[in-house]
2 protein chains.
Amino acid sequence: MPDPGNPVEQPDAAQFPLLPQLTLDCIILGFHEDQLRVLLLRWKDTQEWSLPGGPVRQNESVDAAAHRILKERTGLDQLFLQQFHVFGDVVRYNREEIKKKLKHVIDPEKWYERAVSIGYYALVDYSKVSPTPDAFTEECQWWDIKNIPQLLFDHNHIITVALQALRIQLSWQPIGYNLLPEEFTMPELQRLYETILGRTLDPRNFHRKIQGLGIVERLETRRKGGAHKAPYLYRFNKAQYEAMLTEGNLSFS
Amino acid sequence: MPDPGNPVEQPDAAQFPLLPQLTLDCIILGFHEDQLRVLLLRWKDTQEWSLPGGPVRQNESVDAAAHRILKERTGLDQLFLQQFHVFGDVVRYNREEIKKKLKHVIDPEKWYERAVSIGYYALVDYSKVSPTPDAFTEECQWWDIKNIPQLLFDHNHIITVALQALRIQLSWQPIGYNLLPEEFTMPELQRLYETILGRTLDPRNFHRKIQGLGIVERLETRRKGGAHKAPYLYRFNKAQYEAMLTEGNLSFS
DNA sequence: ACAAAAGTGTTAATGATACACCCATGC
DNA sequence: GCATGGGTGTATCATTAACACTTTTGT
């Protein structure tokens, strides 16, 4: 359920008691056609979009709630999921405006005075996701990160902060394991880095760097069917990748 | 007020409505006699220590609550304060044990079933702090970070996570502005870095690196009265320091 | 044969590390 | 005068950045 000034009565409030005035927002990122994409929800009978999110149940951890929400929206388990910020301002957006816009979905009487939201970002394999709306929304879709519309709540701001956190993460941890299919080509990985960093990289230096980290293995096969020279396929070396995740120290700067 | 399974009724609950089931924990770090120190509170009529912390009021932001708590415990304003993690597990420590230990301070009937805690760390000038206990505690003291006792709640764990976050921050942002007095010597700054990183650094390389960043200015005067050669005094160049804070990219690895 | 993307090595510059001696001060 | 910590330079090594041509494939 998408978020902040979260209404008291959630669809699942009857079955599951919820932590009051606390919500999650999830920035679910995928990579497709050389673009970073983010999963957004369109609210019923509106043209208004927001991030996926929702409340935390009394009997689940905050991390578990994030995993649950991701599973509900994407169908995927076992994702790379990272807490990145708590949005705790008293006034996070124009409440009255939002209450008016959504009054046909949520009774305006039932909004909390405020809510604190914990931001998570998730990196997922675009091709494996089945976007699924929640009880308040009727459409769940990928949007190009460079082309996000005006969102409900403070969600444009949350996305900005998430991307900053992602870039910092990128500078000391490897990335891609959860964003690319199992087998991928070096140019694909490079374009992923370029997209997140917002600048181009030299292919020779990039190749050397990634190889040097030992996080990928080249396969025998090449990708066929492209209109041009067939690129080699690679696979992540999970052990080495995990080691880099915890040890850090990459310096993509 | 120190934390997690936070009791419903706080001393300030009468005057200020509180966000339920949400608390802060603050790791307040200072530097003294070449040691990192953390401010801890001893609960009334016990030998039990915990981190400072407390609830968030309905009419203040989460960041404002952290600043308020810091001000109450240290007397200081305008501190370097950083959110670093949300502790959201359903079971964070042995509730019954804690309720028993603190039953003379907090009515066991009045504990929430659980609480989520937002962790902040603060870097402060040790010499300017006046440690002040809160309504539940009778002593507020600095403890050497290498010598922390068994704490209440999950606070030993929270300190561990805070120090990890601090080391990562150190690797891409400058540090020291809030931990050292206005004027300091290069060996003092070096020992601060060594303490946080947990290893020794070469004084020549350290000096060159810090100078190269342009975040300090050497003053005319030297520090007199030491038992040895009088070291130069330095002062942070605030503008350059702030630039490094936002741009990052130090690589102390 | 041409257009489009993939693959590959070398050089220069920069940054990081290692290392040792003299200096000032208080006792 | 001696013990203690402060101050400084250079040489090596490792990493990063810059740069261009050939290969493959589909059309």
Side-chain angles (χ1 to χ4, degrees), chain A residues 33-35 170-174 180 183-195 197-235 244 247-253, chain B residues 31 33-35 170-174 176 180 183-195 197-235 244 247-253:
Chain A
E33 289 176 352
D34 293 352
Q35 290 296 337
L170 198 61
S171 74
W172 66 282
Q173 287 186 332
L180 294 175
E183 300 187 349
F184 55 90
T185 69
M186 200 53 82
E188 280 167 357
L189 182 59
Q190 182 180 337
R191 285 192 291 267
L192 170 60
Y193 270 80
E194 289 178 337
T195 304
L197 291 171
R199 63 196 170 86
T200 60
L201 300 169
D202 180 282
R204 286 164 288 194
N205 295 339
F206 182 80
H207 190 271
R208 191 178 9 237
K209 173 143 211 162
I210 297 293
Q211 285 285 5
L213 296 173
I215 57 174
V216 297
E217 289 159 358
R218 189 155 96 175
L219 307 178
E220 298 295 316
T221 53
R222 288 164 175 248
R223 165 160 305 160
K224 311 235 161 157
H228 313 294
K229 180 172 180 176
Y232 289 101
L233 285 169
Y234 290 80
R235 184 183 293 159
M244 284 282 139
E247 288 163 26
N249 217 11
L250 288 211
S251 83
F252 253 102
S253 58
Chain B
F31 190 64
E33 290 178 349
D34 291 352
Q35 290 297 336
L170 198 61
S171 73
W172 67 282
Q173 287 186 330
L180 295 175
E183 301 187 348
F184 54 90
T185 69
M186 200 54 82
E188 280 166 358
L189 183 59
Q190 181 179 338
R191 284 192 294 265
L192 170 60
Y193 270 80
E194 289 177 336
T195 304
L197 291 172
R199 63 196 171 85
T200 58
L201 300 169
D202 180 282
R204 286 164 291 195
N205 296 338
F206 182 80
H207 189 272
R208 192 179 7 236
K209 172 143 212 165
I210 297 293
Q211 284 286 5
L213 296 172
I215 57 174
V216 297
E217 289 160 358
R218 188 154 97 174
L219 307 177
E220 297 296 314
T221 52
R222 290 164 175 246
R223 166 160 302 161
K224 312 236 160 154
H228 313 294
K229 181 173 181 176
Y232 288 100
L233 286 170
Y234 290 80
R235 183 183 295 158
M244 285 281 137
E247 290 161 26
N249 216 12
L250 288 212
S251 83
F252 254 103
S253 58

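Since we're looking at a predicted model, the values are computed, not measured.
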Task: side chain to side chain contact (heavy atoms under 4.5 Å, CB included) partners of Q190(A), counting only residues at least two apart - done: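 Result, side chain to side chain contact (heavy atoms under 4.5 Å, CB included) vs Q190(A): E194(A), L201(A), P203(A), F206(A).
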Open item on the list: When you compare the side chain of L192(A) with that of L189(A), does any pair of heavy atoms fall below 4.5 Å?
Closed with: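 Yes. Closest side-chain heavy atoms under 4.5 Å.
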Task: Set of side chain to side chain contact (heavy atoms under 4.5 Å, CB included) partners for R223(A), sequence neighbours left out - done: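 Applying side chain to side chain contact (heavy atoms under 4.5 Å, CB included) to R223(A) gives T185(A), E188(A), P231(A), L233(A).
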Open item on the list: From CD1 of I210(B) over to P of dA16(C), roughly how many Å is that when rounded to an integer?
Closed with: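 From I210(B) CD1 to dA16(C) P: 12 Å.
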Open item on the list: Do K229(B) and R222(B) make a side-chain contact, defined as non-hydrogen atoms from C-beta onward lying under 4.5 Å apart?
Closed with: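 Touching, per the 4.5 Å side-chain cut-off.
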- [ ] Please name the pair of heavy atoms, one in P174(B) and one in I215(B), separated by the smallest distance, quoted to 0.1 Å.
- [x]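 Result for this residue pair: CB-CD1, 3.8 Å.
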- [ ] Taking only the side-chain nitrogens and oxygens of K209(A), find out if one of them lies under 4.0 Å from OP1 or OP2 of dT15(D).
- [x]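 For K209(A), the contact criterion (side-chain N or O under 4.0 Å from OP1 or OP2 of dT15(D)) is not met.
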Open item on the list: Using a 4.0 Å heavy-atom cut-off to protein, can you give one letter per nucleotide of nucleotides 5-13 of chain C, 5' to 3': B if the base is in contact, S if only the sugar-phosphate is, - if neither?
Closed with: BBSBBB---
Open item on the list: In whole Å, I'd like the distance from the CG atom of D34(B) to the C1' atom of dG5(D).
Closed with: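 Whole-Å distance recorded here is 12 Å.
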Open item on the list: Among K209(A), H207(A), R208(A), which residue satisfies the side-chain contact (heavy atoms from CB on, under 4.5 Å) criterion with Q211(A)?
Closed with: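 Output: one option passes, namely H207(A).
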Task: Gap between atoms CG and P, on L201(B) and dA16(C) respectively (whole Å) - done: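 L201(B) atom CG is separated from dA16(C) atom P by 13 Å.
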- [ ] Nearest whole angstrom, please: distance from the P of dG6(D) to the CG of L219(B).
- [x]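 Going from CG in L219(B) over to P in dG6(D) covers 17 Å.
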TODO: Round to a whole Å and report the spacing from CG of L197(B) to C1' of dA16(C).
DONE: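 Taking CG of L197(B) and C1' of dA16(C), I get 15 Å after rounding.
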